[in-house]
Structures are given as C-alpha cells and as structure tokens.
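Labels below follow one simple rule: chain letters A, B, ... track the order of the sequence lines, proteins then strands, and each chain is numbered from 1.
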Amino acid sequence: MSESAATPEMPPQYDPAQVEPRWAEAWVERGYFTADPGSDKPAYCIVIPPPNVTGRLHVGHALGRTIEDTLIRRAKMRGFEVLWLPGMDHAGIATQVVVERKLREEGIDRRDLGREAFVERVWQWKEQYGGEIVGQIKRMGASCDWSRERFTMDEGLSKAVRTAFVRLYEAGLIYRGERLVNWCPTDRTGLSDSEVEHDEVEGELVTFSYPLSDGTGSIQVATTRLETMLGDTGIAVHPGDERYAALVGKMVKHPFDGRDIPIVADHHVDKDFGTGAVKVTPAHDQNDFDIAQRTGLPLMNILEADATLNEAVPAEFRGLDRYEARKAVRDRLDELGLLVAEERPYTHAVGHCYRCHSEIEPWIAGLQWFVKVSGLTGPAREAALDGRVRFTPERWQRPYVAWLENLRDWNISRQLWWGHRIPAWYCLDGHVTVSSDDPTACAECGSAGLTQDEDVLDTWFSSQLWPYSTLGWPDETPELAKFYPNAVLVTGYEILYLWVARMIMSGMFLVGDVPFRDVVIHGLVRDQQGRKMSKSLGNVIDPIEMIDRYGADALRFSLARAATGGQQDIPLSEEAIEGGRNFANKLWNAARLVMRDYPGGEPVLPPMERLTPAERWLLSRQEACLTEVDAALDEYRFSDAAQAMYRFVWSEFCDWGLEFEKGRLDGSDEERKDAGQVLGWVLERTLRLMHPIMPFVTEEVWQRFGMGESLSLASWPEALRTHSDNDAEASFAFVQELVTAIRQFRSQHNIPPKQKIEVTVGADDDHRAIVEMLAERVIRMSGLSELKIESGSAVKLEGRTRLMLAGGHADIALAGTLDVEAERQRLEKKLADVLESHARAEKKLANQGFLAKAAADVVGAEREKLARLEAEREQLDAQLAELG
RNA sequence: GGGCGCUUAGCUCAGAGGGAGAGCGCCGCCCUUACAAGGCGGAGGUCGAAGGUUCGAGCCCUUCAGCGCCCACCA
C-alpha cells in the first residue's frame, strides 16, 4: 500500500504536529504580517482584545482569535494593508492577587514589602511568568504583527493614560468626590458598577421593631442585612402613607446604644413593601445614602475595609465579620423581644465582585475619582444609532444604547498598587494638581511638598484607550492616521459594557471618531450540554490540549463552524474538534490524489471545450461555494462559511469530483494532463479559500504543490461568473441520480460489490449524451458489468426492473438472481411514497384558491410534478404486475 | 420590574412562506490502488402548545408554557 511511489513524502494521515510549528514560526520570521503604515493600500486593522498577563488561553480566546485571524488573513489576501495588533492587559486586581498569593507562600505580606518593592515584584513576575498566553496565541497560527506588541503599562500607553485623564479632567469630565462605592472586602478596593455582578442569593428577610423614644409604641422594619441596623441613622416612610403620617418627625431609640433616630419621609419608600417603613443605613446602602442626602440624615460607618465591624458599634459586636454580626444582632434582638416574626427565606440579588465573587459592601472609601459619563454617552449613542458603529448580531445595539442611557458615573479609583497611579497630586492645603507630567509645585498655590494620589486607575480606564493608544495616540503617528478607526472589534458579549462601550465613548471624545466600524459579538463557548465550562464540572476544553491532539486547524475550523450567531452561546465538544481534524485529513488526502499525477507549478485550466461535463460541473460548484463563502464572511457568518467549505470539499470535490476524475487520471496522457490541471486548479483555489480558517494544512499542501513562496501572500479567489454552468449542473445531476439509484438498489438487494449487474439507461438526448461520456465512471462507481444506453422509454421490461429517475430511467437485469420478494417490497414502498405525493399534488391543484392566487410558476411546477408522479405510478403498477 | 435569546432527528444546531436539512451518534454492507480520521446505503422529526393571517406557515401575528441570559436602588 505504501508503494504509491508518487507520494512518498505525503503520508496518508495528515500530522499537524509536523507541520504547524514550522509554519507558525516561518510566517512570523518572514514578516508577512508586519504592517506598513505608509502603504497606499486600504487599511484593515484589528486590535486584539488584550488578555490579562496572568491569563492562559481558553476556548473563548481561541474563538475570538480564530475569527480575527480569519478576517485578517482574508483582508490581506484581498489586498488590504492589514494590521492585527497584539498585546496584553496589566489587569490590576487579577495580577495583584496572583502576586500577593505567591508572596504569601513565601511568607511575605505586601504591606510589609511596601508599595514600591511590591510593584517591582509584580514587574518581575510579569517578565518571568506573564504572557504565557502570547505563545499560545502564536500556536493557533495568529497572524499578528508581533513587532507591534503592546502592554497596557508600557511607556507609550502610560503616556496615553495620563493624557486621557488630564483631558477629561480639564473638560470637567473627571471629578473627585466622596460617594458610596462598591467595596470588595477581599480585594480591598472599590469597584465600578460594571464590575459588580448581581447574583441571586438565598437570604432571610428579618422584621424587627424600633421602640419610639417617647414610649408610645414602636415601628417595624425589615431587612436582609440585619447587621446594618447597627449603623441605622433614620427610619423612612412614604410621605403619603397615612399609617405613619403622625410618626414622621418623631424619634425611635436604638435598642443597643440608645441613640435617638429620627423618622423621616421620603418618596423612595414603597408603601406596599413589607411594613412600609424602612431602616436607613446611609453609609452602607446606596438607596439609604440617597435618602440621607435628601433628608439630612447623618452617615455612620460601621465597617472596616475587611467588612468587620469597627469602633462605632457597641463593644459586643466589634471585630465580628459581617456574617457573624448578622447572627449576633439577631440573637440580641431576639433576647430583647424585638424580633417580630420568624425570619422568612428570601431570595434577592446581591452584588458580587467580578474577580473574587465576594459579596460587595457599599462603603465610604474616602475621596474617589469619577468619570462624569453624561459628557461622553451622547456621541457614543449617536454613533451606534446612525450606523457609524455596527453591531453584529444587530440585536446588541439596543442593550448597548439602553446601557448608555442609564449609565451612572464611573468610579475609576482603585485601592491597589498595581496599575496606573492616578495623575493627581495634593499639596498640604489640599489643592489638587492634575498633570500628565509629575509636577514639582502645586498648580494653585505653588507650594512644594506634593503627594500623589495613593490610588491607581481602574484597569478598564487604560483598556478603553486600546484601539488608539496602541497606535501611538496621543501622538499623531502614521499608524494612528492609517489604522484608526479599526476595521472591526471581535469580542464576547460579557465585556460589551465593561470594555466595548467605553472604547467608543473615549474614542469619540479623545480621538474624535469611532474606534472601529464593526463590532462582532460572539457568544460564550460552552460544553455540549450548554453548561459553562468549569474546573469543578470537569468539562473544560483546553485549547492547547486540543491543538496537541488534533491540530490548530482542527480547533479553528470547529470553532468557526460552531459560531452560528443565531443562538447566544456556542456549544463545543471534543468530538466536534475531532471532526475538524478529520476534515483537514480529508483535504490532505484529496491533495495526495491530485498530486499523484500533478507535474507541479501553477495550474493552467485547459480550454473549456476540452473539459468533461463532470469537470464543468465541478467548476460550477466551486464558484457557488466561493460566492457563498464570500457572502458569509462579509456578514461575519463564520459558521456558514465553514459549512460551505466543508460541503464543497467533502461532498462535491471528493465524493463526486475526484471520483469522476479518477477515470481520466488513469486515461491517456492528454487526459491525465488535462485532469491534473483541472484538479490542481480547483484544489489551488480551494486552498486559498480555506486558508484564512485553516492556514496550516492549506499552506503545507500549497507548498508541496510548489505554488509559490507562501499561501499567506496569495490573493483571495474571486468568483468567476463564467464558470457558473446551469446546464452542466443539471445534466450532471442526472448522472448523480443514476449512480445513487443503482447504489440504493444494490444496497436494498444486498448485492455484494463483487457482483456486477447490467443496467440499461433510457433518457432524453441530453441526458443520454452525458451518461455516454461518463459511462466508464458510472460503471465503476455503481459496480456494473455493462451499461447500455437506449433512446426513448420503451416499456419492455421482461426480465428487468426499472428505476425511475427525473429525466429518464435505469433498467436493471434481474438475471434470476434477485430476490423477488425484496424487489416487491422496494416497489411497494416506492409506490406508497408516490401515491402520497400524488394525492397531495392533486389536492393542491383542486384548490381554487391555489390556482387563483399562487404564482403562475408555482402552479406550473405543481402540474409538472403531478404529471411526473402519474407516470411513475403507472410504471410502478406495471412492474408490480410483472412480478406477479 | 424591564429587555433579549432559545424551543426543529438520540445529541448539537442550520433552515430566504411553496414537498423538513447538516455534523456527530445509531443500523447494514465494504480494508474498492487519496483518505477506515474512510466509502456506500439506511433508519430516525404531529418543527414547544393553542389560536390567527394566508390558496399555502417550521418561517409572519397574538397568547401561553418551559429553558437560558442581560439590565434594575423595593429594604
């Protein structure tokens, strides 16, 4: 078997491990994807969503990178000056936590180390262990311009961050204020609203009484966070609530420390919820904070940064964490007889940290910096509404717009050490100096002795600048001029608000244009059952493992094929990736066959008149495939594109095209040469077509054909209208039907492959002609001893049975060996089908409404169908009668 | 409380108002000189439910049910 001497160097199984690393390296080394901002080709730029330096490649990344690489490679082939700009995000919290954990293993607390030394350690960690993901992205075959790799904390981007801050500040769009922030007690930092995830939590709604200070009664309130009552500074009721009207202005006495607390009226209170009275804890609840602002209630902070109770509460509760305190307070209230009823199970949404999933505590964390979003949302909203930014799928536009319309100011101060230090300095008098360069004197009073703000900026503050900071902004670089706006941004919906929306807002304001024209939003990759991948479920698909096992092309293809866009998320299984591997192998083997007789070099299509009908059919099908793939990729329908390739290569090129060409490959020298050129020509275009999705196997095959320097530099195969050939498609379809019908017959009669049968085909002139031309292959493919061709449709059936075809028939010699009973069953089943269809067609044509209102061609087609079924029925009746 | 998506074959999903498709899985036959990671053939669906529009509905409209997301300051 291995003596197929023509292809000694192409084993029958494609081995990606032998191929991929070689090409991945060569593409980068040869600088194919190094962008030239001075080029006069049109620009096509994508910036990679920068993964965290701490990150490892997961399937979500793999999906995004596959899509981006497909777009970039195709754009390059179509003549664009492409730039796919890679890089990483410093990822403030995530990275700080990783390094802190590592230090703790060494017995070091970051606070002992001090800020500077700690940050130094993080940098060291970054250099040593960070960026593993970059190598992993390279393994996927990503055609990034690695010479332009950036990091959100490199020098240029730090300059961009400061410039952005200063410009926003000077425009009055950044301010400092004391607000309640979303505090993560584990990470010990404030978070923006977008970094808080609301999850349903099973809690208890506890109702208890506050006694009125004047002893005339009590008022009941309910809460799920009972410990916060230690910081209550008021009770609120609705102003129109008659039940409580007389109490407004009175005081209640705090049961633990005897403080007098006023009852106030505020419209926020819902009369119909619970008792209609609300305890107010301004320092630990956003609503309560707002009520306090309106009614003048004081703030009472009862929590430390780690969410244990502070000095402000009675001694017995001090130092308890919030959950312990919740119990302790309940017990005390119970003792005092103030608990009103059994506590009720109650599910409610609680904010959690998007990094560590601790429950968020609303907390006063001192002065914080905020972005005043009202000055930014308008243009970002307009850009989406008027189509300067287009979302794919479109349905994401609405939530995006709605989000902008309801946006609250963005807290950008983070109480961390790893990140961009806020470029604000304070003098002893408390004046604020905001500057992009480190100032030496207070901008207001000129005094020296400035101290910089201790906090760093939200990671997303720097990532929002990514589409232009990476191109050199704020400097007016050639890169910025050429590649901004970017062509497209590819990302998952989970960071639509966190990242995408902010890039648009900041891009509009700082650069004056949208950051990208298209936003392609893909779903979350899930397992086959639609479950999120998680370590605990053990259903995580590790892309690197998959690449080891099946190759990067296989992974890429299966991801592209799975990304249907219709549904929200994307199910992926190892079997699907295996399918991708099989497909690469199929292509490989098709190439082996073509190459067996291929002389090498660029294929030249023989003149049309020398082509067989099968070849013209193949060319026509290829054009259909190209057209379909083009349309699909233009609209970011990656699954459809992948599907179209798969179908063409497997079901058309291999199953029919190659099978029919085998005859010619074994024929005369001229025939073999022509066939080789046709196959080479079709294959070469197919390789170019598939290259953006499966770059490795296509490049490898292309090279083995000696087509040129690199497929990466080849041009995109444009569809050739002249190759579309309806006649060839129609007549070849008859041959396909003939072959398939005979195969079915053989299978139904259990005729072994060795047993050859005799078939006589009757058809109209055109169909007879094509069968005649392709007879040799029809004989081989359907296992015939003899293929006779006759004109007309003489109903002479002695000793033969008939297969009805659209446009003809095939008679099979029974030769006494066939199972009569099996044949009767076959015919009866067929007859039943025909009768059912016949009845349906008859009914339709008897319907006056149908005749009157349906389009003429539809009615005509129905009539033809009826006539055909009529003929088939007669034929079947005759055959059954003959069987006796 | 708003909003979005989904419901079609055993599984995962495509389906452009005129006879329900693919991949995987399953069954049968085949190691036929590109490929057993393969070839050939096959079974399998009252398209979530109920109404409506239409000559004609998986597709358009309404309602309902189930599943899943996102947003939201009812303690």
Quick one: [X] [atom1] to [N] [atom2], roughly how many Å, whole number?
X      : N     : atom1 : atom2 : value
A/K844 : B/G56 : NZ    : P     : 11 Å
A/W396 : B/C71 : CH2   : P     : 9 Å
A/Q744 : B/G41 : CD    : C1'   : 7 Å
A/Y646 : B/G38 : OH    : P     : 8 Å
A/K586 : B/A34 : NZ    : C1'   : 8 Å
A/D640 : B/A16 : CG    : C1'   : 12 Å
A/E574 : B/U12 : CD    : P     : 18 Å
A/K754 : B/U32 : NZ    : P     : 10 Å

Partner lookup for [N], please. Criteria are Watson-Crick or G-U wobble with both distances under 3.5 angstrom; report none if nothing qualifies.
N     : result
B/U7  : B/A65
B/G19 : none
B/G1  : B/C71
B/U53 : none
B/G44 : none

Nearest-angstrom distance, [atom1] atom, [N] to [M]:
N     : M     : atom1 : result
B/G18 : B/C59 : C1'   : 12 Å
B/C64 : B/U7  : C1'   : 14 Å
B/G56 : B/A37 : C1'   : 45 Å
B/C4  : B/U54 : C1'   : 29 Å
B/A43 : B/A50 : P     : 28 Å
B/C60 : B/C26 : P     : 35 Å
B/G2  : B/A72 : P     : 16 Å
B/U8  : B/G15 : C1'   : 9 Å

Which is true for [X] with a 4.0 Å heavy-atom rule: it touches a base, it touches only sugar-phosphate, or it touches nothing?
X      : result
A/Q748 : nothing
A/F289 : nothing
A/N847 : sugar-phosphate
A/A852 : nothing
A/V269 : base
A/D288 : nothing
A/R863 : nothing
A/R743 : sugar-phosphate
A/T740 : sugar-phosphate
A/R561 : sugar-phosphate

Quick one: the side chain of [X] and the base of [N], do they pair up donor-acceptor inside 3.5 Å?
X      : N     : result
A/R596 : B/A34 : no
A/E659 : B/A34 : yes
A/S747 : B/G42 : no
A/E578 : B/A37 : no

For this session: For the residue pair A/W650 and A/F583, categorise the inter-ring angle as parallel (less than 30°), tilted (30 to 60°) or perpendicular (more than 60°).
Result: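 Taking A/F583 first and then A/W650, their aromatic rings lie parallel (interplane angle under 30°).
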
Exercise. When the ring planes of A/F745 and A/H749 are compared, do they come out parallel, tilted or perpendicular, using 30° and 60° as the limits?
Worked result: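 A/F745 vs A/H749 ring planes: tilted.
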
For this session: Could you tell me whether the side chain of A/R746 and the main chain of A/S782 form a donor-acceptor pair under 3.5 Å?
Result: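 It does hold such a pair.
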
Side-chain N or O of [X] closer than 4.0 Å to phosphate OP1/OP2 of [N]:
X      : N     : result
A/K829 : B/A43 : yes
A/R398 : B/C4  : yes
A/Q13  : B/A37 : yes
A/N582 : B/C35 : no

Problem set entry | NZ/NE/NH1/NH2 to OD/OE distance under 4.0 Å, A/E872 and A/R868 |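 The answer is yes: the pair qualifies as a salt bridge.
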
Exercise. Hey, which of these two, A/A222 or A/A591, hits RNA chain B nearer its 5' end, going by closest nucleotide?
Worked result: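 Nearest-nucleotide comparison on RNA chain B picks A/A591.
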
Problem set entry | 5' priority, RNA chain B, between A/D527 and A/I751 [closest heavy atom] | A/D527

Problem set entry | Syn or anti conformation of B/A16, syn meaning chi within 90° of 0 |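 Judged by the O4'-C1' to base torsion, B/A16 sits in syn, the angle falling within 90° of 0.
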
For residues 842-850 of chain A, dump all side-chain donor-acceptor pairs below 3.5 Å to protein atoms at least two apart in sequence or in another chain.
from	atom 1	to	atom 2	distance (Å)
A/N847	OD1	A/G849	N	2.8
A/N847	OD1	A/F850	N	3.3

Exercise. Do A/Y550 and A/E574 meet the criterion of a side-chain donor-acceptor pair at a distance under 3.5 Å?
Worked result: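 Yes, because at least one side-chain N or O of A/Y550 sits under 3.5 Å from a partner of the opposite role on A/E574.
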
Exercise. Taking the six-membered ring for Trp, is the centroid-to-centroid distance between A/H198 and A/H352 below 6.0 Å?
Worked result: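 Distance test on ring centres: not under 6.0 Å, no.
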
Exercise. Of all residues at least two apart in sequence or in a different chain, which pass the ring-ring contact (aromatic ring centres under 6.0 Å, His included) check with A/W396?
Worked result: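 A/Y493.
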
